[in-house]
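Here is the structure we will look at, set down as structure tokens.
Naming convention: chains lettered A, B, ... in sequence-line order (proteins, then strands); numbering from 1 in each chain. As a basis for the values below, the full set of heavy atoms in this structure was taken, side chains included, without hydrogen atoms, waters or symmetry mates.
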Number of protein chains: 4
Amino acid sequence: MTETDSTAGRRPGRPRSEEAHDAILSAAIALIREVGYDAVTMEAIAARAGVGKATLYRRWKEKETLVIEALGRILHAIPVPDTGSARGDLLGLMRVAVGMYGDPASHVLLSGLVAAMARSPAIAHAMRTGFDARWRAAMRQVLERGTARGELRAELDVELATDVVSGPFFYRYLMSGGPVDEPSARALVEVALRAFGAPAGTSDR
Amino acid sequence: MTETDSTAGRRPGRPRSEEAHDAILSAAIALIREVGYDAVTMEAIAARAGVGKATLYRRWKEKETLVIEALGRILHAIPVPDTGSARGDLLGLMRVAVGMYGDPASHVLLSGLVAAMARSPAIAHAMRTGFDARWRAAMRQVLERGTARGELRAELDVELATDVVSGPFFYRYLMSGGPVDEPSARALVEVALRAFGAPAGTSDR
Amino acid sequence: MTETDSTAGRRPGRPRSEEAHDAILSAAIALIREVGYDAVTMEAIAARAGVGKATLYRRWKEKETLVIEALGRILHAIPVPDTGSARGDLLGLMRVAVGMYGDPASHVLLSGLVAAMARSPAIAHAMRTGFDARWRAAMRQVLERGTARGELRAELDVELATDVVSGPFFYRYLMSGGPVDEPSARALVEVALRAFGAPAGTSDR
Amino acid sequence: MTETDSTAGRRPGRPRSEEAHDAILSAAIALIREVGYDAVTMEAIAARAGVGKATLYRRWKEKETLVIEALGRILHAIPVPDTGSARGDLLGLMRVAVGMYGDPASHVLLSGLVAAMARSPAIAHAMRTGFDARWRAAMRQVLERGTARGELRAELDVELATDVVSGPFFYRYLMSGGPVDEPSARALVEVALRAFGAPAGTSDR
DNA sequence: TCCTAAGCGAGACGGTACGTCCAGTCTTCGT
DNA sequence: ACGAAGACTGGACGTACCGTCTCGCTTAGGA
């Protein structure tokens with residue numbers, strides 16, 4: 001996520017300090033928890049990390065890219081459920097979603113990042129590859145397993161199915177204020193199965 | 001949307017100037033178009049409107065509520081299509097959505113407002129009643145017409161169906177970057193019909 | 001002027017590069033001419049010289065000492081006039097002064113160094129021995145020649161006479177903005193002769 | 001010294017706070033005394049005065065003009081001695097000079113301002129009218145009284161005489177490090193009398 | 001016709017954060 | 001142990017807005 005992915009031949013001069021890097025990301029996370037995402041300032045992060053502001057700007061151009069990298073540290077990989085049925089797998093995944101949306105810090109954080117994505121292609125890219133891609137990969141795996149098992153239609157559009165299942169929560173969470181909970185998760189799974197389930201006579205239902 | 005809707009009980013003192021009100025809203029809209037939503041500042045709006053800053057703060061507490069009112073001026077009511085079929089009506093509505101998302105100013109604007117909603121309940125309320133409610137009402141009308149015609153299931157959960165159809169575009173637009181266009185609209189309508197259409201043997205198809 | 005004047009006693013390790021030394025001093029002079037004395041930074045000098053900042057600090061503690069050494073390179077020795085009369089000699093010397101003050105870079109340069117002298121005894125010492133001493137020596141020579149010739153009083157206080165002649169230009173140049181030119185030089189010489197000339201009946205005029 | 005000399009018709013908007021003005025100047029003076037002239041920063045002045053930085057920059061573009069105005073507050077008018085003789089008057093004035101140079105804060109302060117004069121015509125102007133002019137006016141008065149009394153030459157060049165008397169101290173103080181004291185003052189007065197005194201046969205001596 | 005109250009534009013107020021710059025030091029590599 | 005390169009902490013810079021606060025002036029209704 002940093003601009004130097006190394007592997008390239010050593011650059012001259014003093015190398016960037018990993019300690020500083022860690023201190024900054026930790027400070028960022030701590031501050032987000034304490035004062036909330038958009039009260040966090042580069043100034044405060046630097047101070048908390050015991051680091052000059054220039055050191056921040058040398059590595060991240062905006063607060064958001066920094067935050068995204070920081071979140072990468074505490075974000076676990078998304079566990080892909082394997083319950084034996086598409087219904088179970090999808091439900092498992094939706095429960096993960098419910099859990100993520102449930103964190104009280106999430107709202108300001110997510111919406112702040114969404115706003116930042118609209119301003120900066122770099123941030124958009126970081127968010128899409130850093131977060132969304134993980135989620136979509138998990139969904140893809142579940143869906144493909146479902147088609148392989150014959151529970152879901154063979155001609156299934158994975159992207160569409162992913163959005164149909166994921167979009168409603170995202171929309172409720174950020175806009176309409178509708179429920180993002182276990183019952184809703186169940187309902188959405190049933191919708192998905194009706195829309196993308198294999199026609200009768202095959203294994204589902 | 002302003003706090004004083006009173007024509008009742010005349011208050012003492014000089015009344016608020018409608019000219020100033022108009023000038024401010026016009027300035028806000030113009031600035032959003034010119035420099036983008038989040039580069040707009042109260043300072044600039046006041047200057048552009050030829051108005052003191054206090055005049056702004058007397059009427060709106062935050063930039064967002066001002067903007068929401070300003071948008072109310074240029075936002076048309078959502079036309080509820082009546083094509084004779086649920087498929088046609090839904091598709092008509094989705095085309096409206098495609099059109100709204102298509103405005104190049106929309107991205108920063110919408111995401112900025114979404115972020116503001118997370119910070120301020122007042123803004124959230126304004127957005128939900130000012131924008132989202134219009135959309136949901138249109139959806140409700142279309143969906144109820146569908147059930148009345150027997151095309152859609154009688155036990156349909158209108159809120160759920162609305163979110164299943166609307167959520168994916170919202171999600172693609174603000175997060176994943178997926179397509180928000182006519183073909184996608186068609187695909188989503190088909191998904192909705194499969195998920196919420198009346199069981200075979202009834203009037204749909 | 002540098003702390004290592006040693007050609008004596010070979011030290012271990014890589015010897016200091018004379019090329020670097022030259023490059024630095026040249027860069028310093030060039031930058032002073034281009035952007036003016038106090039816009040010059042150690043950073044810029046190092047960059048221009050193609051040298052690490054540490055290399056500068058290894059040799060000079062402050063910008064000023066570096067500059068003083070750099071100036072030593074381009075500063076000619078002060079030519080002591082020998083016209084045969086105290087009046088002529090003094091006038092010759094004052095013309096040198098007029099010439100030095102005439103260089104457009106001199107003002108910021110001199111005043112900057114004067115300010116630095118007040119901060120740092122080291123700089124003060126460098127300036128006094130590097131510049132002022134040369135001037136005073138020239139004055140002394142001229143004055144002593146004058147007393148030897150009987151043109152000037154025998155009991156003359158050389159320091160006082162030097163300051164009476166030199167001070168007014170310095171004062172005008174840095175503070176009052178009065179003229180520093182040939183006529184003023186002439187006037188000052190006449191003052192000096194009246195004040196320090198031998199009493200009537202002796203050799204002066 | 002501020003850009004608004006009033007008398008002009010009232011400007012619109014909230015007037016500038018005199019309290020803030022005073023607080024700033026006091027803070028500046030206090031800081032100069034405490035940490036020395038060139039360690040004083042706009043930041044520190046603002047903090048000490050309990051004032052926003054913008055309030056400083058709204059009134060003074062550079063630290064130096066602020067300082068000059070601040071000094072104006074504590075600088076007494078120069079008392080013009082009237083002892084009955086040119087010798088006494090000049091000596092009185094020189095004693096004032098010795099006193100001013102004697103203040104331990106003066107060196108960094110004066111040299112800093114001299115450097116600032118070279119950078120900025122505004123500062124140069126402020127210094128010349130604010131400080132130097134007072135001194136020169138006092139000198140002029142003394143000198144003219146001397147000529148009126150017949151002690152000094154009628155054709156006396158006041159500017160030249162002023163610089164001959166004042167320059168040496170200025171030069172010693174900022175450059176050569178020579179003595180600036182009572183004996184030197186006496187010596188300079190004698191020089192002035194020899195150079196500018198009326199020829200023998202008139203009242204002096 | 002005045003009085004009171006709230007509006008108005010203008011702009012200064014105390015603050016906070018911005019992103020940049022430089023000082024002076026430190027750490028890496030290669031010579 | 002030198003060299004360059006470029007990282008480091010620290011702190012001031014000058015700017016931009018924030019939301020609040022005076023100013024003097026205007027515009028109404030009620031006394």
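Spacing between atom NZ of K61(C) and atom P of dA23(E) amounts to 13 Å, rounded to whole angstrom units. Atom C1' of nucleotide dC25(F) and atom CZ of R11(D) are separated by 18 Å, given to the nearest angstrom. In this structure, CD of E18(A) is placed 15 Å from P of dT27(E), rounded to the nearest angstrom. To the nearest angstrom, C1' of dA12(F) lies 14 Å from CG of D38(D). If you measure from atom CG of L31(A) to atom C1' of dA17(E), you get 14 Å, rounded to the nearest angstrom. Distance, I45(C) CD1 to dG24(E) P: 12 Å, rounded to whole Å. Separating the CG atom of L66(A) from the P atom of dA17(E) is a distance of 16 Å, rounded to the nearest angstrom.
No donor-acceptor pair under 3.5 Å is formed between the side chain of S120(A) and the backbone N or O of M117(A).
In this structure, of dC23(F), dC8(F), dA12(F), it is dC23(F) that holds the atom nearest to the side chain of P15(D). Of the candidate nucleotides dG6(F), dC18(F), dG7(E), dC18(F) has the atom nearest to the side chain of M42(B). Of the candidates dC13(E), dG24(E), dG9(E), dG9(E) carries the atom nearest the V51(B) side chain, counting heavy atoms from C-beta on. Listed nucleotides: dC22(E), dG3(F), dC18(F). Nearest to the side chain of E43(C): dC22(E).
K63(C) places a side-chain heavy atom less than 4.5 Å from the side chain of Y37(C). L71(B) places a side-chain heavy atom less than 4.5 Å from the side chain of L113(B).
One can find a donor-acceptor pair under 3.5 Å joining the base of dG19(E) and the side-chain atoms of K53(A).
Both Y57(C) and A20(B) lie close to DNA chain E; mapped to their nearest nucleotides by heavy-atom distance, the more 5′-ward contact belongs to A20(B). Remark on DNA chain F: of its neighbouring residues V40(D) and E62(B), the 5'-side contact belongs to V40(D), judged by nearest-heavy-atom nucleotide. Map G50(D) and A46(B) each onto its nearest nucleotide of DNA chain E; the residue landing nearer the 5' end is A46(B). Nearest-nucleotide positions on DNA chain F for S17(A) and G52(C) put G52(C) closer to the 5' end.
Base engagement by A54(B) is indicated by at least one non-hydrogen atom pair under 4.0 Å involving a base atom.
Using a 4.0 Å cut-off, some side-chain N or O of R14(D) falls inside it from OP1 or OP2 of dT22(F). A sub-4.0 Å separation between OP1 or OP2 of dC13(E) and a side-chain N or O of R58(D) is present. The phosphate of dA12(E) (OP1 or OP2) has no side-chain N or O of T55(D) nearer than 4.0 angstrom.
Separating the OG1 atom in T65(D) from the CZ atom in R59(D) is a distance of 12.5 Å, to the nearest 0.5 Å.
The residues R119(A) and E64(A) are annotated as salt-bridged, a charged nitrogen and a carboxylate oxygen being separated by less than 4.0 angstrom.
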Name each donor-acceptor pair under 3.5 Å that joins a side chain in residues 22-31 of chain A to protein atoms two or more places apart or in another chain, with its distance.
{"residue": "D22(A)", "atom": "OD1", "partner": "R73(A)", "partner atom": "NH1", "Å": "3.1"}
{"residue": "D22(A)", "atom": "OD1", "partner": "R73(A)", "partner atom": "NH2", "Å": "3.3"}
{"residue": "S26(A)", "atom": "OG", "partner": "D22(A)", "partner atom": "O", "Å": "2.9"}

For residues 41-48 of chain A, please give each side-chain donor-acceptor pair under 3.5 Å, one per line with the distance, not counting sequence neighbours.
{"residue": "T41(A)", "atom": "OG1", "partner": "A44(A)", "partner atom": "N", "Å": "3.0"}
{"residue": "E43(A)", "atom": "OE1", "partner": "K53(A)", "partner atom": "NZ", "Å": "3.4"}
{"residue": "R48(A)", "atom": "NH1", "partner": "E34(A)", "partner atom": "OE2", "Å": "3.2"}
{"residue": "R48(A)", "atom": "NH2", "partner": "E34(A)", "partner atom": "OE1", "Å": "2.8"}
{"residue": "R48(A)", "atom": "NH2", "partner": "E34(A)", "partner atom": "OE2", "Å": "3.4"}

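Taken residue by residue, residues 108-125 of chain A places no heavy atom nearer than 4.0 Å to DNA chain F.
For the residue pair H21(D) and R16(D), no side-chain donor N or O sits within less than 3.5 Å of a side-chain acceptor on the partner.
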